[in-house]
Every structure is written in C-alpha cells, then in structure tokens.
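Here's the structure we're looking at; comments come further down.
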Amino acid sequence: GENVEQHPSTLSVQEGDSAVIKCTYSDSASNYFPWYKQELGKRPQLIIDIRSNVGEKKDQRIAVTLNKTAKHFSLHITETQPEDSAVYFCAASSNGGADGLTFGKGTHLIIQP
Amino acid sequence: SAVISQKPSRDICQRGTSLTIQCQVDSQVTMMFWYRQQPGQSLTLIATANQGSEATYESGFVIDKFPISRPNLTFSTLTVSNMSPEDSSIYLCSAMGRGRPSYNEQFFGPGTRLTVL
C-alpha cells in the first residue's frame, strides 16, 4: 500500500517568513495530493490540492509543487501570519481520491510573533 | 463545500460495549469514508462506505470490529464493537464527489471523540 513520509514534524518560523513542508510517497499510482490544515480540536480543512498532471498550483499565499519522478510534493506558505499556526497534513491517493487518503504524520507549524 | 455532521460528538463507554456513530451529509455524494485519529496523531483510513454493498476495509481493520452501513448517498454509520481502551480515539467521516470542480475534494465531519474505560 501507499506510504507517505512528512517532514519536519515541527516547524517554527518568524511571522512574515516563509514555511516549507515536504512529503514523499511510495506508490507511483498515486495521482491526487491534498493538503489539510487542522487547528486544535477541529476537523481537518482542505487548503490546497494538486493532481498528478500538474507540477505546481498556487492560491494566494499558499502553493504546492509536485515532482512525480522523485515522488515528492511540498507545501509553501509565504508571508506567514499567526493564524497559520496549526498542524498541516499531506496526503496521497490513487484513483483521484476515490480510494481514500493516506496521510503523512503531520507538521506542527508555529508562527513566532 | 459539503456540510457534514456526526452524532454523537463525544461519548464515554465501558469496555465490551458497542457504539454506533452516525454521519450525515447535506447533499448526495459519491464516496464516504471513515477515519480514525488518535490524539496528537495523524488520520488512518478505516474503510470506504459503499452505498448498497459491503464496506471496503483497509489492512488492520475488519468488519466484525467496525461494521459500517451506507443505506443511501447521504448517510453512513460506523459501529465500534466490543470496545477496549485501545479504541479510544477520534472517529471522522468524510465525503467526496459533489460535482465539479470539487469532485476530488474530501470534506471531513467534526469527529466523534470516543473514550473507553
């Protein structure tokens, strides 16, 4: 089955700086890669996703890149703000997500004022 | 995005008993899933809830322990059977397939926090 590795487990950045979270996956059949943000005590919220036919996708301060050859994808957050503090999960799935999601272990992002 | 609700939001149960968790989506969806998230950890897929047929379970999860129903395109239940303290966790349902452009997007319910004594 699929295995998703996520690094780092904790990331502390100064407000206004950029944050990068990296994930690798094992199954070459995976073709859908979402990122979720989870605040304490709340449900995971989808923040951005990318499909395997796209190398990069951007939405305001958030971007995701995908390297299919190396089987890794990354989340980039620019101009970080205090409200970006949360746990971020990457995930991978085949069949466009219809096979369910395999999640990474999560990154606790801390934005220092 | 779809609105997904779960009942109960939390429960404390005795070992050996069973609990059924309900998941309701506000519109018809193609796929529904059940995940488990232990406190401070990641999400693990339990099974895909198939409408009108038996659920598809992931490795390590079995139907006798986690029976699942999905009688229609908006509703599913997960039962945690013969509970032990190791079943203490947050159980989340999710849904996808509401139509383009959000077809692939998987939305989560608020979760059910289960404590087994």
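Sequence lines set the chain letters: A, B, ... in the order given, protein chains first and strands last, and positions in each chain run from 1. Only a predicted model underlies this, so the values are computations on that prediction, with no experimental measurement involved.
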Name the option with the most non-hydrogen atom pairs under 4.5 Å to chain B; the candidates are A:His108, A:Gln38, A:Lys42. A:Gln38
Evaluate whether atom CD of B:Gln38 has more than 12 neighbouring non-hydrogen atoms of other residues, nucleotides or ligands under 6.0 angstrom away. yes
Do the rings of A:Phe89 and A:Phe103 sit parallel, tilted or perpendicular, given the 30° and 60° boundaries? perpendicular
Residue part contacting chain A, namely of B:Leu43, when any heavy atom lies under 4.5 Å: both
Heavy-atom pairs under 4.5 Å with chain A: which of B:Gln41, B:Arg113, B:Gln37, B:Glu58 has the most? B:Gln37
Top residue by heavy-atom pair count (under 4.5 Å) with chain B, among A:Gly106, A:Pro44, A:Pro34? A:Pro44
Looking at A:Lys57 and A:Asp49, is any side-chain nitrogen of the basic one under 4.0 Å from a carboxylate oxygen of the acidic one? yes
Shortest non-hydrogen contact between B:Asn82 and B:Lys65, atoms and distance: O-NZ, 3.1 Å
Classify the ring geometry between B:Tyr91 and B:Phe66 as parallel (under 30°), tilted (30 to 60°) or perpendicular (over 60°). tilted
Tell me, out of A:Leu46, A:Val87, A:Leu40, who's got the most heavy-atom pairs with chain B below 4.5 Å. A:Leu46
